[in-house]
Every structure is written in structure tokens, then in C-alpha cells.
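What follows is a set of notes on a single structure, which appears directly below.
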2 protein chains.
Amino acid sequence: MKTVAAHAGVSAQTVSRVLRGTGYVSEATRARVLASVAAVGYRPNAVGRSLRATRTPMVGLLITDITNPFYATLHKSTEAVFRERGLTLMLLNSDDDPATERTQLDLVSSYRPSGLLVAPAVHSTLTTEDLAGFGAAVLVSRTLPGLAVPSVVTNEPEAMGEATRALLDAGHRRIVAVLGPRDASTTLRRESGYRDAVRAAGAEPIVRYTDQTGPGARAAIRRALQADPGLTAAVGFNAPVTEGILRGLRDEGLECPRDVSVVGFTDAPWMSFYPPPITVVGQPVAAMGELAARLLLDVLDGKPVTPGLHVVPSVLLRRESVAPPRPRPHDEKRTPCTS
Amino acid sequence: MKTVAAHAGVSAQTVSRVLRGTGYVSEATRARVLASVAAVGYRPNAVGRSLRATRTPMVGLLITDITNPFYATLHKSTEAVFRERGLTLMLLNSDDDPATERTQLDLVSSYRPSGLLVAPAVHSTLTTEDLAGFGAAVLVSRTLPGLAVPSVVTNEPEAMGEATRALLDAGHRRIVAVLGPRDASTTLRRESGYRDAVRAAGAEPIVRYTDQTGPGARAAIRRALQADPGLTAAVGFNAPVTEGILRGLRDEGLECPRDVSVVGFTDAPWMSFYPPPITVVGQPVAAMGELAARLLLDVLDGKPVTPGLHVVPSVLLRRESVAPPRPRPHDEKRTPCTS
DNA sequence: CTGAAAGCGCTTACAG
DNA sequence: CTGAAAGCGCTTACAG
């Protein structure tokens, strides 16, 4: 900046004013400075700016795993909102591990960001004080009990209830819920919706917890099927789990929906063209990201933001993976329809 | 840091030395400083450090779209390498748009990062000089003609040739290649492998360019099928395109592999349990990311790095979407096998 | 409308 | 083994 100032024959402050478009600058000097900027090949240094401002125009996005499409979409949708406000988004993976989460939090905090968006790890140790240091913090997708921070979630209990009722209405009574980690807030919320719906229909809840991955769910559904020959339907916790369920069914020589009906939670592109197309709770991921980003901006702008749950509704996408139940064959294995 | 120094009764430089673990510090003062750090609740400020060092311990990763699983995996694998070297990874989306790419590059450059990893946008305007400003730059997945920068790619021509030969060997002669944007380096490289293989078998290349999305590919394969009733096979450019091809086939009442055989490029989880499981070129995405990250570190360490292509081999995963050709029915539409 | 001074939080030489 | 000084590149008051 000093070089530009010297070249234009003005002071560094004037260059700063021109560059920031702030305060009064005569049209003549403005033009001269701009010409010098180009001539000298000046590139602004965000580090100097941030140090002086004691805040970096950056928001941290701390998630568990970017290869989960849910979080990739979250990144994309929040980045769009922040970008038009001149805020950079800094992505950090916690690997769903509380220790890594803590390390990553310290890292992003060392850059003195303007705010933080978090989907906490399963046994997260984050406290209100941890987040208070960020000025503005918003939780997204997963909540943390006892945190006085705005949280954007979907109406998981209601959506999971509706998904379960789709199976109950088709006549199913023995429906297994293949869930995520026992203590995740998402598991708790989805499980309650499932349990309430099943009980309201006078049936018995059947629950399996998993690590919310495809392989974990595949093993879990196989064990459930072997343990209970009366099972005629399954609800999946997320997209990988739904995939695992379908693989597990095939392992057991069972067909969907002829032998076992399936409803998933969280849509994926393949679900709409898989045979059969999968009935699934479609989460408004992009809308959740946008809302979370806007709440964060509101906090930065000093607008009042409720520290509780902010709910974005999901919709049940009815496709073809639900059929009336029929007794499962116990002794003979079937092979899938090969085309 | 001044507060810590005052609390410990030492100078700020001593605190700095303790914190960086550099230079001589007596065990006694070390302990005293560490105690003060905890007592005062000191949090390091990366901005001050970066400003003084004129470099930020950060690497930019500029890709086109994080919701493409290829790039999500790339982020994860490179981050792991950089994290253990104390480097933060800063993710930036270009939306595959040269203007946005330029903006994002200026942004990351303003943080004075230690290096840059780029998968250039399709009509990228990046020059060697642009990248030289980053100290260390490595291209990944996509190359740019005339750039004197190391580039990590897979053996696309050979892999695409092998994929095409899988169809030729099954007896196919009219094979359409549904490719990406006409000018992308990935398109050029995959197209050449396809053309060479087809020509070597004495057949005629049939090529369709798309925007490399599912909907684009779906429309393209339908037009190709309608234009050429003799078509019995298709190769897809990437995972979304392969999905689009399968949807397009279904639109046309055709079945894979009975009516049309399909081979894809880039694996996706659903491809191994879709009926039929899809034969596909599996790209070693994580290995590509790791190699790119290590090359970048080598450049930073002053080790000699060849500025040309660094090739990581792909493998053809033979599954069940390839069958011998049979004449396509022209007058009657078929419905897929519904189970 | 423009400039001189100070300082954001660190680390790099340089002394002792 | 430890400290005083200077400065990384910017912006914030404060003068004029």
C-alpha cells in the first residue's frame, strides 16, 4: 500500500479510503490511486486488515464429514449466503470425534473469525462459553442439550412419524428402525417420532442403533431380520443407512418392497431411479443451510435471534418402496429379479 | 501475549519461544509461562503470526463444486495430509466459472497462503504467473494447456480405452461416448482413449458432449438413441453422467444390459448395488489427493518436483452392466422389470 | 478532502 | 538463557 501511495503521490490512508470506498476522496485522486493500484500490481493483504480490525471476515463451518452429501450441500448453500456479504467460509471436518472437534475449533478460533456454524460431533464437549468466544454461533442439523445457541433442525419427530405411518397405513406392524448413534440428537429426535407413531398404532417399537454408515446398517438389518422372522418393514436413519438396508435385504435374499418395505430419511439422487424408487423423507438441506447462515448474519447485525430450535419442515416423498406386508418365506432363499 | 508475559514476569519474546518450542528456555521459566498461559486463558492469534511471517500456514483448495463426491473425497484426503503438517486447508468453489474462479483466487491469495491446489474451471483463464504468486501450486484432476505446474491426473486415455474395449470385446460396434464439456482437459483425455479404442476395432466413434450433469446426460443419451437405432452401448463421462444415461435408457423403455450395455467412469456407492451393478472405471480419488498434497509439500520443502503430469492409475471394475449386443426393438416400448 | 501517528498480535534479527 | 527494538500491512481515531 505504501508503494501505491508513493506512486500516486498520496498517503497510505488515502489509498485505504479509495480501496474501501469509505470517506471523502476527490474524484481526481480516486482515479490517480486506482491507476497506481493497477500500475503497481497491488494485491490487498487480508492478514493486515484482519489484524487491525481484530476480526476476520470469515465464518467457520465445522461439520463431521464433507463426503457426506448432506454436509456438502450445507457448505454450498451457506457459502452462497456468506459470499454476497463478503464473508469467506472456512470448512473444517471433525471426523465426528470430540477431540478433533476441539482442535479444529481452536484452529479456526485462532483466525479470529466473525462467526461459527457447527454440526457438533456425537459426544461433543462444546459448551456455551466455547461458542461465546466466536461472537456469533449457530448450530445446524444437530443440537446440543443445554446450549443457549440458535439451532437449525428439521422437524425430525413429525417427519419420522409420517414415514413410519406410511408403513403402518400399508398394514405393517413389525417395523424395525435402523438408527444412528444412540446419543446423537438426530437419533433421539427421529427415534421419538418413530416410537410415538408405532405405539399410537398399537404396535411394538423395534430399534437398532448403528454408526450411521452403510456397512453398519447392512450388518444391523441382517441381524434384525434373522432375529425376527416377522419383520416386514424398515425405516432408515439417513441415506447411507438406507443403502445399507437395501444391501442387507439382498444379502438375505429378500426383495423390496415384495418381502420388506423400506422408507428412508434424507434423499439421494439414486433413490429416485433405483428399482424400486425409494420412499423417503426429503430434508430441505439447502434451506437449512440458508436459514442457519441468515441467523448468523442476524446475530452479527445485532438483530434479536431466538436461541432455541429453528425448524425447517421436511416432506415425505412417496415413491414405490412401500407395499402391503406379506408373510416372509422362512425356509427358502429368493434371488432378486435379474433383468 | 503481553498479558501472559506480565503474569509470568518475563518478556513477550520468551512467551513466544515457549509457545513455539523454539530456542533455549530454562525449564523453570517454561513451566511458569505455561502456567500463566493457562491462568490467563491465552488463545494464540494466527493473524498476528501470519502478518509477521508474511505467510499463512494455509493451503487453498479451489475446486468447481463440493457437492460432486469426487471433490469431497479430494478435500478429505488432502486435508489429512496437510493437517499433520500443521497446514489448514481452505476450500473454495469456483462453480466451474472462470470469473468466479478468478474472484476466489484473489480472495485466497489475500490471505497469503503457503500454497494452492486447483482443479481449474472449464474455460479457466489461469496463467503460470497467476499461480507463481502462490509459491507452490499443483493442479489436480484437470490440467491446463501450457501451464508449467505439476498436475495430478489419472491415466484417463488408457482407462477409457480399457472401458471401451470391455464393450468392444463383448461384441458391440455402435458405442456412444457421453462426454463432458467439449474443452475440458478431462473430456479431451477420456475422448482420445475412447476414439483410439473404437478405431482400433475398426468401428466408428459416436460422441455427445454434455454439461457433465445427470439431466444433461439424460437428454443427450435420449437424442443419441433416437438418432441411431443401431446403438447398443454407452460409456459415461463421470458418475452423474452415468446416472443420466441409466435414466435416459429407462425413459426410452430400454433395459441395461439387455438392450444397451453401459460402462461408467468414476465409481459411486450406488453403482455396486444397483441392478445391474455398473461396470465402471474406478478413479483412485484419495490417492490423487494425497499425491497432489505431497507434491505441494515437496515444493514447499524445496525438493525438486517435475512440472508435468503425475499419473495415478485407475482400474476397471468389471460388474454386470455389459452383455453381448442384441438388435434393439424399434416399434415396441418395453417396461422395466418391476419387482 | 487529505495526512501523521499509533497500534492490532505476533516473530525476527540483534544484543547481552 | 533472556530481553529491547522493529516491523509485517493494514485501519482507526485524530488533526488539519
Side-chain angles (χ1 to χ4, degrees), chain A residues 1-37 40-58 86 88 106-114 133-135, chain B residues 1-37 40-58 86-88 106-114 133 135:
Chain A
M1 235 169 75
K2 269 195 285 190
T3 321
V4 176
H7 187 276
V10 298
S11 71
Q13 301 79 285
T14 302
V15 177
S16 174
R17 270 191 284 262
V18 170
L19 258 23
R20 279 174 300 131
T22 252
Y24 297 95
V25 186
S26 80
E27 209 29 71
T29 41
R30 230 185 82 79
R32 203 141 35 87
V33 167
L34 256 19
S36 298
V37 162
V40 168
Y42 171 75
R43 329 240 58 185
N45 183 318
V47 182
R49 175 174 24 75
S50 292
L51 183 60
R52 177 64 239 220
T54 68
R55 277 266 157 266
T56 303
M58 182 173 93
T88 308
D106 286 345
L107 179 69
V108 65
S109 137
S110 77
Y111 283 98
R112 300 298 186 265
S114 303
F134 285 89
Chain B
M1 234 168 76
K2 266 195 287 189
T3 321
V4 175
H7 187 276
V10 298
S11 72
Q13 300 80 287
T14 302
V15 176
S16 174
R17 270 191 285 262
V18 171
L19 258 24
R20 279 174 300 131
T22 253
Y24 297 96
V25 186
S26 79
E27 207 31 69
T29 40
R30 230 185 82 79
R32 204 141 35 86
V33 167
L34 255 20
S36 298
V37 162
V40 168
Y42 170 76
R43 328 240 59 185
N45 183 319
V47 182
R49 176 175 22 78
S50 293
L51 183 59
R52 178 64 239 224
T54 69
R55 277 265 159 266
T56 304
M58 182 173 93
L87 291 167
T88 309
D106 287 344
L107 179 68
V108 66
S109 136
S110 78
Y111 283 98
R112 301 296 187 264
S114 303

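Please read these numbers as outputs of a predicted model, since none were measured by experiment. Just so we're on the same page: letters track the sequence lines, and every chain starts at 1.
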Practice problem: Report yes or no: does A/Ser114 contribute a side-chain atom to a donor-acceptor pair with the main-chain N or O of A/Thr56 at less than 3.5 Å? | Solution: yes
Self-check item: From B/Ser36 atom OG to B/Met1 atom CE, the distance as rounded to the nearest 0.5 Å
Solution: 13.0 Å
Exercise. May I ask you to test the A/Tyr111-B/Asn45 pair for a side-chain heavy-atom distance under 4.5 Å?
Key: no
Quiz item: In B/S/- notation, 5' to 3', how is nucleotides 1-10 of chain D contacted by protein heavy atoms closer than 4.0 Å?
Solution: BBBBBBBBBB
Quiz item: Applying the side chain to side chain contact (heavy atoms under 4.5 Å, CB included) test to A/Val37, which of A/Thr3, A/Leu19, A/Val18 qualifies?
Solution: A/Leu19
Self-check item: Donor-acceptor pair, side chain of B/Arg112 and main chain of A/Val47, under 3.5 angstrom
Solution: no
Quiz item: So what's the dot-bracket for DNA chain D: Watson-Crick or G-U pairs under 3.5 Å, [ ] if a pair crosses, | if it pairs off-strand?
Solution: |||.||||||||.|||
Quiz prompt | Pairs satisfying salt bridge (Lys or Arg N to Asp or Glu O under 4.0 Å), at least one member in residues 12-33 of chain B, at least two apart | solution = B/Glu27-B/Arg30
Quiz item: Quick one: are A/Arg55 and A/Ser50 in side-chain contact, heavy atoms under 4.5 Å?
Solution: no
